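Note that these values count all heavy atoms, side chains included, but never hydrogens, waters or copies made by symmetry. Chain letters run A, B, ... following the sequence lines, proteins first, then strands; residues in each count from 1. The structure presented is a predicted model; accordingly, all values stated were derived computationally and were not measured.
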Amino acid sequence: MATETLQLVLPNGATRDVAAGTLARDVVASIGPGLLKAAIAVAVDGDVQDLMTPIRTGGAFVVLKESDPRSLAVLRHSGAHILATAVRRLRPDARIGFGPAIDDGFYYDFEVEKPFTPEDLAAFEAEMHKVVAEKYPFVRAEISRAEGEKVFADDPLKLERLAELGESEVISTYTDGPFTDLCRGPHVPDTSYVKNFRLLSTAGAYWRGDERRQMLQRIYATAFWKKEDLDAHIHRLEEARKRDHRVVGKQLDLFMFHHFAPGAAFWTERGTFIINTLNEYLRELQRDGYQEIKTPLLYNKGLWEISGHWGKYRENMFLVLDNETKEHDFSLKPMNCPSHYLMYNSRKHSYRELPLRFSTYDVLHRNEVSGSLSGLTRVRQFQQDDCHIFLMESQIADEVRRLTDFILGYYRTFGLSAALRFATRPPVRIGSDEMWDRAEGALRAALEETGEPYELKEGDGAFYGPKVDFDVTDSIGRHWQLGTIQLDYAAPERFDLSYTGEDNATHRPVVIHRAVSGSFERFIAILIEHFAGAFPVWLSPEQVRVLPIADDLAATAHEVTARLRAAGIRASCDDRSETLNYRIREGETMKVPYMAVIGKREAEAGTLAVRERGQGKKQEVVAVDAFTARVQEEIRARALPAAG
RNA sequence: GCUGACGUAGCUCAAUUGGCAGAGCACCUGAUUUGUAAUCAGGCGGUUGCGAGUUCGAUUCUCGCCGUCAGCUCCA
């Protein structure tokens, strides 16, 4: 059989001709023996392969060293194999599922009679260290289907995967010491490369993510090239834990939960202030051009039959028993849109009124499955900053540009940056291709006009229209999908929405669904973690805490507190006969932005010794009026806290 | 919903093989009058999530229910 010759192009532009089937390792060695030592894997034409894999295509040839981010996934994938190696040694009965590298590490799924315990995890980790020390090479073998069926005869999950592989696909296995896995790679050369890892948690996971299939036991872990990186990652996890809104929310006394109302928050006075303040800000931004409305919370199923919720969404709706009919004919609303359509349809509309914008902050209920509830981020009762816009197709571009500016501006107030995602027609959809062409064209034009970069998500739109999603990054690098702008061509049909045009004929409007922060609940959770509880002054439930040094200054302190409050500042006075240190500590713990200390000197001079949150002893003595003006200005400007 | 772990004072956590349920903080009282991150002393506080069962005896063991947490997309 004649051997084909492939041309590889090195990063420096040099070319190298190699026979097809040459191992990547040999090519790397031929470039330089030193390079082979540092090489983890290679990228051939952008495709990451390991050194044990024969080269089958030509193209750009890049040697990946530790420094290349792509090599980390290779390390982690090998880590998964080492984990399986260790588990198989200690629990020979464990059948293996999949073990991929994921964003922050890797996992491996096992089918076992008895689930793993934390003690098991510790034992597996210790065993993994042995496997690493034994320095088994990862040996790649390409085998026939029949051989594969023999090798994995006792691993039904692997056989299932094997059976799915296409006729033309190369079937490969990787063996490290005693363990062989059906795997396409790539892997590091031997187990000793995986030095810095940690097993993190165990959890159930459905085989193939399908709830109808059996549940496997998944072990989550992570691995890094350098110990420092691993330590830093563990540290980050701890930091995130410290910022956890459930912990901080309790510490700052913002909200609580009770088992009598699962998935629904109780807001304290302080938390309620935050909701109201965000709400006021949104109202201010929507003072012009929006109509705030309120619609009922409870509806007869007739509405949901028109909207389609009764058929598709009933599982997630709270149904209410009707005492007369003894039927669950009523439901709490899970979304605002249908009720807004009823409002729209309550009278005739002229083209002159469009775009007509209905905004609302009504409470919604969705019966999420119990296992999905989590603090404020996944709840059953919440308030959206919702808006439905009725407009002519010709107005879409303008409106989307306006909404995009609005949403991004809102995020900017909190120091949040957002990435835009433009989602186009999905395979299953309603409407003609011409309609989609127009809708997507208008959205794209609007996005281009904003000058914001956006990512194109082909086929990710809703069945009723294309959309733009806003993906927000917080201060510790986490991502949240918050805002959305969705075009809807289906609802106007279902609800027979219309307006009278300039031509005196009846026309169909388009609906835009818009949310800015998703829900107050989730947004506040994000803000708590984003700011680590240290809210900007305008959002702080307690903006100034006045501290008299001794009892005889309490009267003055109360007077100053009253002046601050009269100036619209949320000030309180802590005149308890505790030591100053004690009271300052509590103020810092509660993340109060300013503490104003009044001693004899300040009382006589009409000043305050102002201590800024997080700034320690660095204090500043200022006149009461000057301080008042400064805080007022910070509130007015919605200033962000100084970095650090 | 499913798998696993967990549920002890308002909060954070203890309680050897089943043997009288504890501490710190918070709260209350008193003393202290404080100059920038915890003053001292005393006191109050619990049907150990709920309900069954096993046992002489259950916070501890078993079962059911409720709730919380991790996870259930990242494709050999």
Side-chain angles (χ1 to χ4, degrees), chain A residues 73 77 80-81 96-107 109 112 114-118 120-121 148 152 155 157-165 169-174 180-185 200-220 241 244 246-247 250-251 253 256-263 315 367-375 547-554 575-590 595-602 609-621:
Chain A
H77 186 188
H81 278 232
I96 49 177
F98 293 164
I102 53 174
D103 285 352
D104 278 326
F106 61 90
Y107 67 76
D109 286 341
V112 282
K114 233 174 67 202
F116 302 129
T117 64
D120 288 334
L121 230 56
F152 298 105
D155 277 304
L157 306 179
K158 288 291 173 188
L159 288 179
E160 185 180 323
R161 181 71 189 103
L162 186 63
E164 289 168 2
L165 291 174
E169 286 185 76
V170 175
I171 299 171
S172 58
T173 64
Y174 279 81
T180 298
D181 200 350
L182 180 68
C183 176
R184 70 174 169 196
L200 296 172
S201 63
T202 142
Y206 295 108
W207 169 236
R208 313 308 283 273
D210 183 342
E211 61 187 43
R212 290 165 305 193
R213 305 296 301 268
Q214 72 269 43
M215 180 155 283
L216 309 181
Q217 291 303 311
R218 176 170 297 179
I219 297 176
Y220 279 96
R241 168 74 194 147
D244 188 321
R246 292 166 300 196
V247 176
K250 192 174 280 179
Q251 187 188 322
D253 188 28
M256 56 165 258
F257 285 92
H258 193 279
H259 63 264
F260 284 157
E315 289 287 291
N367 197 355
E368 306 284 353
V369 297
S370 59
S372 72
L373 301 181
S374 178
L547 306 177
I549 283 184
D551 285 353
D552 57 342
L553 294 160
D575 62 355
R576 291 175 301 172
S577 62
E578 300 286 353
T579 60
L580 185 62
N581 275 337
Y582 178 91
R583 287 175 288 156
I584 283 177
R585 178 170 203 278
E586 200 171 276
E588 289 284 356
T589 309
M590 290 301 283
M595 276 181 273
V597 177
I598 300 186
K600 213 174 280 170
R601 296 195 295 272
E602 288 78 17
V610 175
R611 178 189 168 108
E612 203 173 327
R613 177 178 58 200
Q615 298 299 304
K617 289 185 182 174
K618 208 173 83 187
Q619 58 165 330
E620 199 182 345
V621 178

**Student:** Scan A:V170 against the nucleic acid and name what it touches under 4.0 Å (heavy atoms): base, sugar-phosphate only, or nothing.
**Tutor:**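 Base, at least one base atom sits under 4.0 Å.
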**Student:** Treating A:T173 as the side-chain partner and A:D181 as the backbone partner, does any N or O pair qualify as donor plus acceptor under 3.5 Å?
**Tutor:**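 Not a single qualifying donor-acceptor pair exists.
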**Student:** Do the ring planes of A:F260 and A:H258 sit parallel (below 30°), tilted (30 to 60°) or perpendicular (above 60°)?
**Tutor:**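 A:F260 and A:H258: tilted rings.
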**Student:** Under 4.0 Å, heavy atoms only, any strand: does A:G587 hit a base, just the sugar-phosphate, or nothing?
**Tutor:**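 Here A:G587 touches no strand at all.
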**Student:** For B:rC50 and B:rC11, measure between their P atoms and round to the nearest Å.
**Tutor:**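 One P to the other, the span is 14 Å.
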**Student:** Looking at A:K600 and A:D552, does any basic side-chain N land under 4.0 Å from a carboxylate oxygen?
**Tutor:**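 Looking at A:D552 together with A:K600, the answer is no, because their closest N to O distance does not fall below 4.0 Å.
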**Student:** Identify whether the distance between the nearest side-chain nitrogen and carboxylate oxygen of A:D210 and A:R208 falls below 4.0 Å.
**Tutor:**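 No.
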**Student:** If you look at every heavy atom in A:I584 and A:M595, which pair is closest and at what distance?
**Tutor:**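 Closest pair (atom of A:I584, atom of A:M595, distance): O-CE, 3.5 Å.
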**Student:** Report, as a single string ordered 5' to 3', how protein heavy atoms within less than 4.0 Å touch nucleotides 24-36 of chain B: B base, S sugar-phosphate only, - not at all.
**Tutor:** --SS----BBBBB
**Student:** For nucleotides 1-8 of chain B, print each protein N/O atom paired with a nucleotide N/O atom at under 3.5 Å, atom names and distance only.
**Tutor:**
| from | atom 1 | to | atom 2 | distance (Å) |
| --- | --- | --- | --- | --- |
| B:rG1 | OP1 | A:S370 | OG | 3.0 |
| B:rG1 | OP2 | A:S370 | OG | 2.8 |
| B:rG1 | N7 | A:G371 | N | 3.1 |
| B:rG1 | N2 | A:Y206 | OH | 2.8 |
| B:rC2 | O4' | A:Y206 | OH | 3.3 |
| B:rC2 | O2 | A:Y206 | OH | 3.2 |
| B:rU3 | O2' | A:Q217 | NE2 | 3.0 |
| B:rU3 | O2 | A:G204 | N | 3.4 |

**Student:** Which part of the nucleic acid, if any, lies within contact of A:R184, taking any heavy atom under 4.0 Å across all strands shown: a base, the sugar-phosphate backbone alone, or nothing?
**Tutor:**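 It contacts base atoms.
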**Student:** Roughly how many Å apart are B:rG46 and B:rG10, using the C1' atom of each and rounding to a whole number?
**Tutor:**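 12 Å, rounded to whole Å.
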**Student:** Which base sits across from B:rG19 as a Watson-Crick or G-U pair, both distances under 3.5 Å?
**Tutor:**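 B:rC56 - that is the nucleotide pairing with B:rG19, both distances being under 3.5 Å.
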**Student:** Looking at every strand, decide which applies to A:L165 at a 4.0 Å heavy-atom threshold: base, sugar-phosphate, or nothing.
**Tutor:**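 Since a base atom lies under 4.0 Å of A:L165, the category is base.
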**Student:** Any side-chain N or O of A:Y220 under 4.0 Å from OP1/OP2 of B:rC72?
**Tutor:**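 For B:rC72, OP1/OP2 do have a side-chain N/O of A:Y220 under 4.0 Å.
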**Student:** Can you list every side chain to side chain donor-acceptor pair (under 3.5 Å) pair that touches residues 577-587 of chain A, not counting sequence neighbours?
**Tutor:**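 Qualifying pairs, neighbours excluded: A:R576-A:E586.
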**Student:** For A:R184, is there an ion pair with A:E169 - N to carboxylate O distance below 4.0 angstrom?
**Tutor:**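 Here A:E169 does not pair with A:R184 in a salt bridge, since their nearest N and O are not under 4.0 Å apart.
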**Student:** Say we look at B:rC56 and B:rU3: how far apart would their C1' atoms be, to the nearest angstrom?
**Tutor:**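 B:rC56 and B:rU3 have their C1' atoms separated by 38 Å.
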**Student:** Output the single nucleotide from B:rC69, B:rA38, B:rC74 whose closest atom is nearest the side chain of A:Y107.
**Tutor:**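 Closest of the options to the side chain of A:Y107: B:rC74.
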